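Working notes, beginning with the structure itself.
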Amino acid sequence: MATSEELHKRRVEAVARGVGSTIPAYVDRAGGGTITDVDGRRWIDFAAGIAVTNVGNSAPRVVEAVRAQVERFTHTCFMVAPYESYVAVCEQLNAVTPGGFEKRSALFNSGAEAVENAVKIARHATGRPAVVVFDHAYHGRTNLTMALTAKNMPYKHRFGPFAGEVYRVPMSYPLRDGGLDGATAAARSIEMIEKQVGAENVAALLIEPIQGEGGFVVPAPGFLPALREWATAAGVVFVADEIQTGFCRTGDWFACAHEGVEPDLVTLAKGIAGGLPLAAVTGRAELMDAVHVGGLGGTYGGNPIACAAALAAMETMRELDLAAAARRIGAVMGERLGAIAARDRRVAEVRGRGAMLAVEIVVPGTLTPDPAATAAISAACHAAGLLTLTCGTYGNVLRFLPPLVISDDELAGGLDILDAAFG
Ligand code: PLZ
């Protein structure tokens, strides 16, 4: 087998430079909480492929379901010749997402595509043009979702012009907004919408209940409920982007549930299918069904292999109670991160929920972001055998997203490496 170094040489000659990788090691196999490269080096996995392999890599039920489906048929296109698993995935999503009302779902391939479709549905159903998003938001890399995403580098730089009718308002970011309470932070955002856009022009308010790429920003309690309440009164479709927070990651099936918020539409991807590409929009039947027949779709949306994987992944989440596992992981991680924060003044804050935790790194005694220190700590983790990711508008957040099936030993081992990386 070629070595990672040899593969990297080939990659540089074959793969476009614009596609980056966190580590220069090439994967041979991955499972549970570990990734092994072609040279036999191992990393404890605190990335889960960016919050995708919540059920673990090659989870047994997923492997079995995919294998069985591949042998029956690989693709007919649901828009041409439909099949049961697509319907079954939609039934389950309608049942597990927050909100007791009648729902419908539609399936797509990627998170960005789900977000695009949520906006299409909200615009079609309301007849209004504007979409409101937040500072630090991340919603994808397609043209519309680049417009919805906040951060220029690397996501938007020189890729414009961008789609119109997108308006950005402040996020509740307790560390950086002087600790505004949720209701006050929401009032500030709402006033900006009403003054600068006009509620009657707004089709959708789109928000990550805990921001992912933007820095694992957890809004102050009350922020999401206040926005939800305003959206209801204003006839605005409240869209929760649960692409990173979803499928047990935060200790509940969906992050909105922690504050009892019921979105009109939810965008889903990542954790939904144990690593196979699948995404969805789930929401109120009257909004979803407002769109004319043929108005939603795509060649591969709800591919049968991905649907089989999703059914198996959701079964695994129920069987192993991965929401409870995420809460346990969060308790263990939170304690260790708290101890690091207590001794290292570069840690401004430990935040997140369940198995979606992060630390924000600053110049001690200030709130000045320190992306260089963040990158150095992350690099030390990689060198010592722990795969960590960074995020944040300022590149100064170290985030931890282990698979929810990680063993106690792997989790403890990973936290030991992290602890040592802080020095
Ligand atoms: N919405 C909340 O987190 C994807 C992006 C990685 P796709 N986040 C990882 C990168 O650098 O491209 C994401 C997300 C939220 C939407 C998306 C987009 O999902 O499946 O990557 O299109």
Side-chain angles (χ1 to χ4, degrees), residues 15-23 46-54 97 107-120 131 133-157 159 163 166 168 171 204-219 224 239-247 249-250 254-256 263 265-282 298 300-303 306 309-310 352-353 355-356 358 378 387-393 395 397 399-401:
V15 179
R17 194 172 69 119
V19 184
S21 295
T22 303
I23 52 172
F46 275 15
I50 323 190
V52 169
T53 51
N54 294 5
T97 49
L107 304 183
F108 305 98
N109 301 296
S110 67
E113 212 188 335
V115 172
E116 292 249 359
N117 278 280
V119 171
K120 281 168 65 173
V131 182
V133 289
F134 290 80
D135 282 337
H136 313 289
Y138 183 91
H139 298 292
R141 293 178 182 262
T142 57
N143 186 262
L144 173 59
T145 59
M146 276 193 292
L148 302 170
T149 289
K151 191 174 175 178
N152 177 52
M153 214 38 189
Y155 308 122
K156 302 168 71 165
H157 186 62
F159 294 140
V166 173
R168 193 172 307 286
M171 177 66 181
L205 181 146
L206 169 64
I207 189 162
E208 299 155 87
I210 297 175
Q211 290 183 323
E213 305 307 306
F216 281 28
V217 178
V218 186
L224 296 171
V239 186
D241 181 343
E242 292 253 17
I243 286 166
Q244 191 151 162
T245 48
F247 296 100
R249 173 58 52 190
T250 65
F254 298 99
C256 278
L265 301 178
V266 191
T267 56
L268 305 165
K270 290 191 184 282
I272 190 173
L276 276 89
L278 188 70
V281 181
T282 296
Y300 289 112
N303 166 272
R353 217 188 256 282
M356 182 174 182
S378 207
L387 185 52
T388 49
L389 300 172
T390 59
C391 64
T393 295
V397 179
R399 59 171 155 171
F400 313 111
L401 294 161

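This is a predicted model, so every value here is computed, not measured. Just follow the structure's listing: the first ligand is 1, and inside any ligand the first atom is 1.
Here the side chains of V239 and L205 are not in contact, with every heavy-atom distance at 4.5 Å or above. In this structure the side chain of Y138 never reaches within 4.5 angstrom of the side chain of Q211, judged on heavy atoms. The closest side-chain heavy-atom distance from V217 to E208 is not below 4.5 Å. Counting heavy atoms from C-beta outward, L401 and F216 have side chains that approach closer than 4.5 Å. No side-chain heavy atom of I243 sits less than 4.5 Å from a side-chain heavy atom of L268.
Within ligand 1, counting atoms from 1 as listed, the ones closer than 4.0 Å to a heavy atom of A112 are 7 (P), 18 (C), 19 (O), 22 (O). Using a 4.0 Å cut-off to heavy atoms of D241, the atoms of ligand 1 that qualify are 1 (N), 2 (C), 15 (C), 16 (C). Those atoms of ligand 1 that come under 4.0 Å of a heavy atom in I50, given as number and element, are 6 (C), 9 (C). Residue S110 has at least one heavy-atom neighbour below 4.0 Å for each of these atoms of ligand 1: 20 (O), 22 (O). Atoms of ligand 1 lying under 4.0 Å from any heavy atom of Q244, numbered from 1 in the order shown and given with element: 3 (O), 8 (N). Within ligand 1, the atoms closer than 4.0 Å to a non-hydrogen atom of R141 are 10 (C), 11 (O), 12 (O), numbered from 1 in the order shown. Atom numbering of ligand 1 starts at 1 in the shown order; those under 4.0 Å from a heavy atom of E208 are 2 (C).
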Item checked: Candidate pair T142 and E116, rule side-chain hydrogen bond (donor to acceptor under 3.5 Å, both in side chains), full reasoning -> CA-CA 8 Å; T142 57; E116 292 249 359; 2.7 Å; yes
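The N/O atoms of Y138, backbone and side chain alike, include one that comes under 3.5 Å of an N/O atom in ligand 1. Polar contact with ligand 1: absent for I243 (N/O pair, distance under 3.5 Å). Between E113 and ligand 1, no N or O atom pair is found at a separation short of 3.5 Å. At a 3.5 angstrom cut-off on N or O pairs, G111 counts as close to ligand 1.
Under the 4.0 angstrom criterion, atom 3 (O) of ligand 1 counts as having a protein heavy-atom contact.
Contacts with ligand 1 closer than 4.0 Å are made by side-chain heavy atoms of E213 only, the backbone lying farther away. Residue-level proximity to ligand 1 for A269 is absent, since no heavy atom of it falls below 4.0 angstrom.
Side chains of S378 and T388: a donor on one and an acceptor on the other come within 3.5 Å.
Shortest contact from atom 9 (C) of ligand 1 to any protein heavy atom: K270 NZ, 3.0 Å.
With sequence neighbours left out, F254 forms a ring pair (Phe, Tyr, Trp, His ring centres under 6.0 Å) with F247. The ring pair (Phe, Tyr, Trp, His ring centres under 6.0 Å) check on F46 picks up nothing, with sequence neighbours excluded.
Heavy atoms of Q211 come nearer than 4.0 angstrom to ligand 1 in no pair at all.
The pair E213-R399 meets the salt-bridge criterion, with a side-chain N (NZ, NE, NH1 or NH2) lying under 4.0 Å from an Asp/Glu carboxylate O.
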